2 protein chains.
Amino acid sequence: MALRHAVLAALLDEELSGYQLTKAFDLGVANFWHAQPQQLYAELTRLEQDGLVTGREVVQDNRPNKRLFRVTDAGLAELEHFTALAAKPSFIRDDLLVKVQAADHVDTETLIARLTERSAFAQAKIDLFGRLLHTMRGDRTEEEFLRHGERIGPYLTCLRGLAFEHGNRDWCERAAAVLRERQGAHVRN
Amino acid sequence: MALRHAVLAALLDEELSGYQLTKAFDLGVANFWHAQPQQLYAELTRLEQDGLVTGREVVQDNRPNKRLFRVTDAGLAELEHFTALAAKPSFIRDDLLVKVQAADHVDTETLIARLTERSAFAQAKIDLFGRLLHTMRGDRTEEEFLRHGERIGPYLTCLRGLAFEHGNRDWCERAAAVLRERQGAHVRN
DNA sequence: GGGCTCATGTAAACTGTTACATGATTAC
DNA sequence: GTAATCATGTAACAGTTTACATGAGCCC
């Protein structure tokens with residue numbers, strides 16, 4: 001049931017609408033959890049029923065009205081309780097790894113194409129996370145910000161996301177290089 | 001539907017029983033996919049019905065009989081087809097990141113405890129993956145093995161697993177150190 | 001005798017994804 | 001006018017986890 005806690009954690013800093021949440025949990029942006037819009041709208045409804053968040057209607061001209069949600073004291077207590085539980089170990093579950101596991105049994109060109117795509121995607125996220133981190137720390141150095149900044153949670157999770165995408169990119173490049181070299185060697189034989 | 005392809009990829013190297021597969025897909029060992037035993041037994045049944053694997057009964061003394069499965073030509077074709085599809089981007093979905101996102105709103109001691117646990121878990125996997133890699137390459141160097149080894153898929157995925165756990169450990173240590181220092185600074189004020 | 005490993009499953013509950021639906025405004 | 005963005009949902013389906021069930025042999 002971490003989705004509900006992820007939503008609570010996302011609402012700690014600011015009031016957000018369901019729609020704004022979907023942006024934060026989007027694949028392209030998410031640095032600590034990913035979820036579909038439909039999950040988020042449903043979860044917000046449940047969270048409000050359970051009294052862990054409260055919503056208030058904001059009437060807008062030119063745009064549809066929206067409901068902004070914030071975490072209640074009960075919600076904060078729930079998060080505190082969740083944090084005390086042992087975290088489940090996380091694991092990689094990745095299409096691309098399945099494909100690479102089958103290397104030597106599937107077409108090498110195709111595999112290299114997949115690795116190249118992923119590498120580019122990872123690079124895009126590296127750039128994005130770099131910008132995000134810069135925005136959060138402003139003109140302070142990272143050390144300085146982490147020592148004295150008032151809100152470091154999102155910064156720390158973003159650092160993890162950055163390292164993860166670095167790992168992705170470097171591994172994709174390495175694997176593609178290995179496959180290319182073997183292919184070359186084979187052709188020359 | 002990557003689970004079925006993960007199972008096919010796992011069966012490429014050797015005939016395995018459902019039980020042996022559950023060991024390979026176990027959290028403690030898995031380096032390219034994770035799944036519950038119940039998923040694997042169900043998937044094997046479906047794969048056999050679809051003709052992508054074949055099972056043969058092995059009668060054992062002292063132990064219950066088992067069924068060993070291997071990939072058919074149709075299964076190999078299915079894997080080839082799967083590899084040609086664009087891989088879905090993978091994302092982190094991790095309890096611990098949710099907890100860290102909420103840092104500054106939840107108890108720091110508790111959070112440090114979670115980070116320390118995860119770090120130890122990651123270290124255990126680092127050790128395990130190191131041993132696994134050594135077993136696969138034998139007395140060859142990594143470069144040598146990746147250039148000329150006959151089966152490099154599992155080696156490459158294991159390298160990814162290793163890098164992932166390195167990332168986990170280093171980040172946990174970093175985050176815990178940051179939180180400890182801030183806590184110290186706060187206490188001294 | 002109690003707990004662990006081998007070996008395989010069924011069933012229910014929960015979580016996540018995909019498709020469909022609506023409707024106004026803004027940018028090209 | 002066509003597509004994108006804002007804004008929120010329902011419903012069906014697919015995938016994952018947890019609980020329950022069975023039974024023999026092995027080790028202490």
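A, B, ... follow the sequence lines: proteins, then strands. Residue 1 opens every chain. Owing to the predicted nature of the structure, the values given are computational and were not obtained by experimental measurement.
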Original post:
Which of residues 9-19 of chain B have a heavy atom under 4.0 Å from DNA chain D?
Top reply: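 Heavy-atom contacts with DNA chain D come from no residue of residues 9-19 of chain B; none.
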Show me the donor-acceptor pairs, under 3.5 Å and distance only, between side chains in residues 96-104 of chain A and residues at least two apart or in other chains.
unit_1, atom_1, unit_2, atom_2, d
A:K99, NZ, B:F82, O, 3.1
A:K99, NZ, B:L85, O, 2.6
A:Q101, OE1, B:T157, OG1, 2.8
A:D104, OD1, A:R182, NH2, 3.4
A:D104, OD2, B:I152, N, 2.8

Residues in side chain to side chain contact (heavy atoms under 4.5 Å, CB included) contact with [X], at least two apart in sequence or another chain:
X	answer
A:N65	A:E57, A:V59, A:Q60
B:T72	B:T54, B:A74
B:L162	B:I126, B:F129, B:L133, B:H166

Separation of [X] atom [atom1] from [N] atom [atom2], in whole Å?
X	N	atom1	atom2	result
B:L68	C:dA7	CG	P	9 Å
A:L40	D:dA7	CG	C1'	13 Å
B:D61	C:dC6	CG	P	17 Å
A:E43	D:dT10	CD	P	14 Å
A:N65	C:dT22	CG	C1'	15 Å
B:R67	C:dT8	CZ	P	9 Å
A:L44	D:dT10	CG	P	13 Å

Original post:
Tell me, which pairs form a side-chain hydrogen bond (donor to acceptor under 3.5 Å, both in side chains) where one or both residues lie in residues 73-85 of chain B, sequence neighbours left out?
Top reply: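 Pairs touching residues 73-85 of chain B that pass the test: B:H5-B:E78.
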Original post:
Does any pair with a residue in residues 114-129 of chain A pass side-chain hydrogen bond (donor to acceptor under 3.5 Å, both in side chains), and if so which ones, sequence neighbours excluded?
Top reply: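 Sorted result for residues 114-129 of chain A: A:D94-A:R118, A:R114-A:E117, A:S119-A:E173, A:Q123-A:D127, A:Q123-A:R169.
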Heavy-atom distance under 4.5 Å between the side chains of [X] and [Y], does that happen here?
X	Y	answer
B:N168	A:S90	yes
B:T108	B:I112	yes
B:E142	B:L146	yes
A:E15	A:R56	yes
A:K66	A:Y19	no
B:R160	A:W171	yes

Original post:
Taking only residues two or more places apart in sequence, or in another chain, which ones meet B:R151 in a side-chain hydrogen bond (donor to acceptor under 3.5 Å, both in side chains)?
Top reply: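 B:R151 satisfies side-chain hydrogen bond (donor to acceptor under 3.5 Å, both in side chains) with B:D13 only.
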Subject >> Non-neighbouring partners of A:D107 that pass side-chain hydrogen bond (donor to acceptor under 3.5 Å, both in side chains), sequence neighbours left out >> reply: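 Result, side-chain hydrogen bond (donor to acceptor under 3.5 Å, both in side chains) vs A:D107: A:T110.
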Strictly under 3.5 Å: I want the nitrogen or oxygen pairs between protein and nucleotides 13-16 of chain D, one per line.
unit_1, atom_1, unit_2, atom_2, d
D:dG15, OP1, B:M1, N, 3.2
D:dT16, OP2, B:Q39, NE2, 2.9
D:dT16, O5', B:Q39, NE2, 3.4

Original post:
5'-most contact on DNA chain C: B:K23 or B:A42, nearest heavy atom basis?
Top reply: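 This one resolves to B:K23.
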Original post:
Of B:K88 and B:K66, whose nearest nucleotide on DNA chain C comes first from the 5' end?
Top reply: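 Mapping each residue to its closest nucleotide by heavy atoms, the 5'-most match is B:K66.
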Original post:
Does A:Q60 place a side-chain N or O at less than 4.0 Å from the phosphate oxygens OP1/OP2 of D:dA7?
Top reply: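 True: A:Q60 side-chain N/O within range (under 4.0 Å) of D:dA7 OP1/OP2.
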Original post:
Taking only N and O in the side chain of A:Y41, is any of them less than 4.0 Å away from OP1 or OP2 of D:dG9?
Top reply: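 Result: no.
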Atom pairs, N/O to N/O, protein against nucleotides 21-28 of chain D, distance under 3.5 Å?
none

Subject >> End axis versus end axis in the helix from C:dG1-D:dC28 to C:dC28-D:dG1, the angle rounded to 10°, five pairs used at each terminus >> reply: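 Its terminal axes enclose an angle near 40°.
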